[in-house]
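Down below is the structure, laid out as structure tokens.
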2 protein chains.
Amino acid sequence: MTRNVRTYDHFCVIARALEDVGDRWTLLVIRDLLSGAKRFTDLMDRLGAITPKTLTQRLRELEDTGIVAADRTPGRREVWYRLTPVGEDLRPVIDALGWWGLKHAWRWPQENEPMHAEHLLRAVAQAIDMVADAHVTELWHFRIDGADYVIEGDGKHWSHRAGTPQVAADVTITARTDALKRLIFGESDLDVEIEGASAKVQRFRKLITTLATVVSAQETSSR
Amino acid sequence: MTRNVRTYDHFCVIARALEDVGDRWTLLVIRDLLSGAKRFTDLMDRLGAITPKTLTQRLRELEDTGIVAADRTPGRREVWYRLTPVGEDLRPVIDALGWWGLKHAWRWPQENEPMHAEHLLRAVAQAIDMVADAHVTELWHFRIDGADYVIEGDGKHWSHRAGTPQVAADVTITARTDALKRLIFGESDLDVEIEGASAKVQRFRKLITTLATVVSAQETSSR
DNA sequence: CTGGATCCATGATGATACTG
DNA sequence: CAGTATCATCATGGATCCAG
């Protein structure tokens, strides 16, 4: 196993941090683990063009630095990768990158660009949080292609995660990724099942297109 | 000029952001520009092991994405690189990395590891800000090897920047980098000139070793 | 001196295929 | 499911050189 040992050799906190998480793909692995533990193939799915060799290398490095832990159940082949508390502490970094990315680096999807529901929902949560005059407590349960996700506003911030809700959801949305995409982009609500009390559903419908709104507003002004 | 055009092709705000700033060295260039505009050679000094080719390439990319602007005064060869407002918006990303780096990725300097006063002062400001029960308004003026820096607490946060203070400093410190290092590490105050009102100097002396304290506390517990 | 450019070496990553 | 293996390519490192 060739291990990436490139350093910066600066006596600097930023450089030290980037030696641990600054390699190509590394922060994207952390992004995907922040929403919940994943298996090797789950990560491959979400990371798209990464090669298994590179993913293996990144996971080993992250284990070495104590950012990721691998849960290997004896007798089973399945390995679940999860963030340690040290890794969880990278959430502010990812959030800051997401804020900047949404504000300055957004582009509408290219033709045939792979799109994962989890990343789409992250962008939605980030957009709502960014504009948020939406200081409400609300929990949305998404069931997309058989996987469960939650977007949640706690009255101060909006966040997302993978998995089923711990408490009853205000709104439950069932759809396939492409139908969800059309809903979020404000194109149509075909093939999207939305369940919940009428007022809650109404607020959901209002907020779910925040991402499209934010992006449209920027497209007119930025590069 | 070979331009790095690697993308991730995810429909994801984090991936979009990292396509702009995720390349090796890029965030370190931004780190150094966040404390003030710099010339090519100023950046070379601070970045240490970067090659001029790579720095040129990074600066061009950052200009392309609108993160950096190059001020070329007609008739003069000097080029000053500075962050645009888009680039300034990356401050939360650098701050988050610094926070994590100080908390989890710190190491004492290696033998002969290059050390730049600007990075050392960043770490000091970050450390004071992190532990800060120090909610005071205070301005320290550092004169290190002929260059000026400011560390400032505004009552809520502590930050640093290059340049001279706009208002009168509470404490003025004059030293060479290695003497400053020894002061910060709590080893000695030899060859460090500290001027200011007695109470202010006392507080300075108390706070300046925060970095050493924070680090020592972690060394005993972490990797 | 500043602000690079050029050349070559090497190592990290990408592409594709295969395996316990 | 969780990787390995092999080969190709491209980004980066290291050194040197140069023009205004």
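Proteins come first, then strands; the chains are lettered A, B, ... in the order of their sequence lines, and each starts at number 1. Below, each value reflects all heavy atoms present in this structure, side chains not excepted, and no hydrogens, waters or symmetry copies. None of these values were measured; they are calculated from a predicted model.
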Spacing of [X] atom [atom1] relative to [N] atom [atom2], expressed in whole Å:
| X | N | atom1 | atom2 | result |
| --- | --- | --- | --- | --- |
| A:Trp80 | D:dC1 | CH2 | P | 10 Å |
| B:Ile50 | C:dG3 | CD1 | P | 15 Å |
| B:Arg46 | C:dT2 | CZ | C1' | 15 Å |
| B:Asp45 | C:dG4 | CG | C1' | 15 Å |
| A:Asp42 | D:dC1 | CG | P | 8 Å |
| A:Leu43 | D:dA2 | CG | C1' | 11 Å |
| A:Lys38 | D:dA2 | NZ | P | 13 Å |
| B:Glu61 | D:dC10 | CD | P | 16 Å |

Could you state the interatomic distance from CG (B:Leu62) to CD1 (B:Ile30), rounded to the nearest 0.5 Å?
-> 5.0 Å

Those residues that, when tested against B:Arg143, pass salt bridge (charged side-chain N to carboxylate O under 4.0 Å, His left out) (two or more places apart) = none

Not counting sequence neighbours, which residues clear salt bridge (charged side-chain N to carboxylate O under 4.0 Å, His left out) with B:Asp189? List them please.
-> B:Arg205

Of the listed nucleotides ([options]), which one gets closest to any side-chain atom of [X]?
| X | options | result |
| --- | --- | --- |
| A:Thr41 | C:dG14, C:dA12, D:dA2 | D:dA2 |
| A:Glu78 | C:dT13, D:dA2, D:dT12 | D:dA2 |
| A:Gln57 | D:dT12, C:dT13, C:dG4 | C:dT13 |

Minimum-distance pair of heavy atoms, taken over all atoms of A:Trp99 and B:Pro92 = CZ3-CG, 4.3 Å

Has [X] got a side-chain N or O lying under 4.0 Å from the OP1 or OP2 atom of [N]?
| X | N | answer |
| --- | --- | --- |
| B:Thr56 | C:dG4 | no |
| B:Trp25 | D:dA11 | no |
| A:Arg39 | D:dG3 | no |
| B:Tyr81 | C:dT2 | no |
| B:Arg58 | D:dT12 | yes |
| A:Arg24 | D:dA11 | no |

Identify whether the distance between the nearest side-chain nitrogen and carboxylate oxygen of A:Arg82 and A:Asp71 falls below 4.0 Å.
-> yes

Any luck finding a side-chain donor-acceptor pair between A:Asp145 and A:Thr177 under 3.5 Å?
-> yes

State, without any angle test, whether A:Glu61 and A:Thr26 hold a side-chain donor-acceptor pair at a distance under 3.5 Å.
-> no

Residue whose nearest DNA chain D nucleotide is more 5′ - A:Tyr8 or A:Val79 = A:Val79

Quick one, give me the B/S/- string for nucleotides 15-20 of chain D, reading 5' to 3', where B means a protein heavy atom under 4.0 Å from the base and S means that only happens at the primed atoms, P, OP1 or OP2.
-> ----BB

On the ring face of A:Tyr149, is A:Arg122 found with NZ or CZ under 6.0 Å from the centre and within 45° of the axis?
-> no

